[in-house]
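Since this is a predicted model, take the numbers as computed values, not measurements. Every number for a ligand or one of its atoms is a count from 1 in the order of the listing.
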Amino acid sequence: MKAKLEAIRAEALSAIKEADTQADIENLRVKYLGKKGELTAILKMMGSLSAEERPVMGQLVNEAKQELDNLIAEKKQVLQAAAAEEKLLSETIDITLPAKSAKPGNLHPLSIVTNDMIDIFRSMGFDVVDGPEVETDHYNFECLNVPADHPARDMQDTFYLGEEVLLRTQTSAAQIRTMETRKPPIRVICPGRVFRADEVDATHSPVFHQMEGLVVDKGVTMCDLKGVLEQFAREIYGPETKVKFRPSFFPFTEPSVEVDVTCSECGGKGCRVCKGSGWIEILGAGMVHPNVLRSCGIDPEVYSGFAFGIGLDRTTTTRHKISDIRLLFENDKRFLQQF
Ligand code: DAH
């Protein structure tokens, strides 16, 4: 029995030494010290020994049991520490790596161009005013010299919200509201959203943007209008830009003009963007009609003025060479991030 105990002990010692996982060591504990373990089996055989042999053998078995118990506990600890160390190493964070940066957003191209235009007109002494998007027929048409039966209403397919109430088709309504609340000299711009029941295509949208301008003072002439708008065009499109004034018609101005600039894509040679003409129309303008001044209580014999309406979407697409107006409204981040 003693020899058997010695054999078991020697085998266990070397097995414990070689164990290299926590599972190994647990298996060894069960194998030698468990209920059906090899040492336990020897203890159970003690009954067959004589009264003298029993305490001697008992002590040997208990010593071996104690020894293996200690060694297994020790080895368990060593393996546990090693596993923890390995886990720590595998989870190491490299704090020298650059952090993921939070990208700041950027302005929409329409906002960029609108802000630039506001800066340009501010530098020429204009104030920025605001007007409501839901307007009355009175401000959007009547006071602008467009009575109910005027054919010019056909040019602006209107969203009516009721008999008298509509979504403004032009920022021009802000001219009237300004003249009702301010006394000349007046120099204002009004950027904002306008609405027309147009089909969506590459150059049309039912929601688009304009910037209205209005100057009223004593002795304002067409020269002032030309000077201000030429200065604006050169600042927004570049100093080499040429500006052309074409006679036109608007009910609220007399005389009226439409203003073209040399195409920023081809420099005036003619290309796909300007449809071969070399010119791009950017705004309508004119000398404020005496009827309009009168309807706002301003005496046309004393004061004169000019007004203009600039298409902001058109200015943005031509300035940034954007081929389709719909890109401005789709809000695709991949597009908007380029500005
Ligand atoms: N309101 C006009 C439009 O939407 C643009 C316009 C033309 C505005 C001439 C003006 C102007 O102030 O004088 O077509």
Test item: Gln338 side-chain N/O and Arg334 main-chain N/O as donor-acceptor pair under 3.5 Å: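 It does hold such a pair.
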Ring pair (Phe, Tyr, Trp, His ring centres under 6.0 Å) contacts touching residues 134-160 (sequence neighbours left out):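 Residue pairs with at least one partner in residues 134-160: there are none.
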Ring pair (Phe, Tyr, Trp, His ring centres under 6.0 Å) pairs, two or more places apart, involving residues 172-191: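 Not a single pair qualifies under ring pair (Phe, Tyr, Trp, His ring centres under 6.0 Å).
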Those protein residues which place at least one heavy atom below 4.0 Å from ligand 1: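 Within 4.0 Å of ligand 1, protein side: Gln156, Gln170, Ser172, Gln175, Arg196, Gln210, Glu212, Phe250, Phe252, Thr253, Gly284, Ala285, Gly286, Ala307, Phe308, Gly309.
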Of all pairs that satisfy salt bridge (Lys or Arg N to Asp or Glu O under 4.0 Å), the ones with a partner from residues 241-251, not counting sequence neighbours: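 For residues 241-251: Arg246-Glu258, Arg246-Asp260, Arg246-Glu281.
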Ionic contact status for Glu265 with Arg319, cut-off 4.0 Å: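 Result for this pair is no, no salt bridge flagged.
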Lys/Arg N to Asp/Glu carboxylate O, Asp127 vs Arg122, below 4.0 Å: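 No, Asp127 and Arg122 are not salt-bridged.
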